[in-house]
Peer 1: 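This is the structure, below, for whatever I ask next.
For this chain, numbers begin at 1 and follow the sequence in order. Indexing begins at 1, ligand by ligand and atom by atom, following the structure's order.
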Amino acid sequence: MIDKTIEAALNAQVEKEARSSHFYLAMASWAENKGLNGTAEFLYRHSDEERLHMLKLVRFVNERGGKAVVPALESPISNFSGLQDIFTTLLEHETNVTASINEVVDLCLKRKDYTTHNFMQWYVAEQIEEEALARNILDKLALIGTDKGGLYLFDRDLGQLQPEA
Ligand code: OFO
């Protein structure tokens, strides 16, 4: 049976992953409305993947004899000043998610829950990938600056890029 403190921490993480999915969905929709179809594709996929991150936690909590809580979500920010704003916001958001995952890992060690600790290692690795990808995208955007041709190619390439699952 899962420790109640760990269960609460995992349910808080369920909410964060759900909010990530919601947030990236709003970003994808913004990009689609701006005609940035490649960026929109990338963000729609990213949103789907965040939902899978949430689902993985939900199922783990239930399998361990806990009770997963499906959270209520408020509407995310849906207005952005441009791609730089989108990916800076995304990176900030992911940095916060990483911090909260690290707290869950820390709690697992304190409560000697090595099963959950092991399970959480997938999320630790995933966060490294997600932060690196967001930084990489921001570096590209900085190189492109206001060059319209560069932006066109950036958007096209992003549409083909798979966010880490
Ligand atoms: Fe779930 O990896 Fe981003 O938030």
Peer 1: Can you measure from CG (Leu133) to CG (Leu161) and round to the nearest 0.5 angstrom?
Peer 2: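 CG of Leu161 is found 5.5 Å from CG of Leu133.
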Peer 1: Among protein atoms, how many N/O/S atoms lie less than 2.8 Å from atom 3 (Fe) of ligand 1?
Peer 2: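 Step by step: take atom 3 (Fe) of ligand 1, keep protein N, O, S below 2.8 Å, and you get 4.
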Peer 1: Going by an N to O cut-off under 4.0 Å, is there a salt bridge joining Asp106 and Arg111?
Peer 2: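 Looking at Asp106 and Arg111, the cut-off is not met.
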Peer 1: Can you classify the ring geometry of Phe23 versus Phe80 as parallel (below 30°), tilted (30 to 60°) or perpendicular (above 60°)?
Peer 2: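 Rings of Phe23 and Phe80: tilted, as their planes differ by 30° to 60°.
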Peer 1: Looking only at side-chain N and O atoms, does His53 offer a donor or acceptor that is under 3.5 Å from a partner on Ser20?
Peer 2: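 There is no such pair (donor and acceptor under 3.5 Å, judged by atom type) between the side chains of Ser20 and His53.
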Peer 1: Would you sort out whether Glu131 and Arg135 count as a salt bridge (Lys or Arg N to Asp or Glu O under 4.0 Å), showing the intermediate values?
Peer 2: CA-CA 6 Å; Glu131 284 191 29; Arg135 285 196 183 91; 3.2 Å; yes
Peer 1: Quick check on Arg51: does its CZ atom have over 12 non-hydrogen neighbours (other residues, nucleotides or ligands) under 6.0 Å away?
Peer 2: no
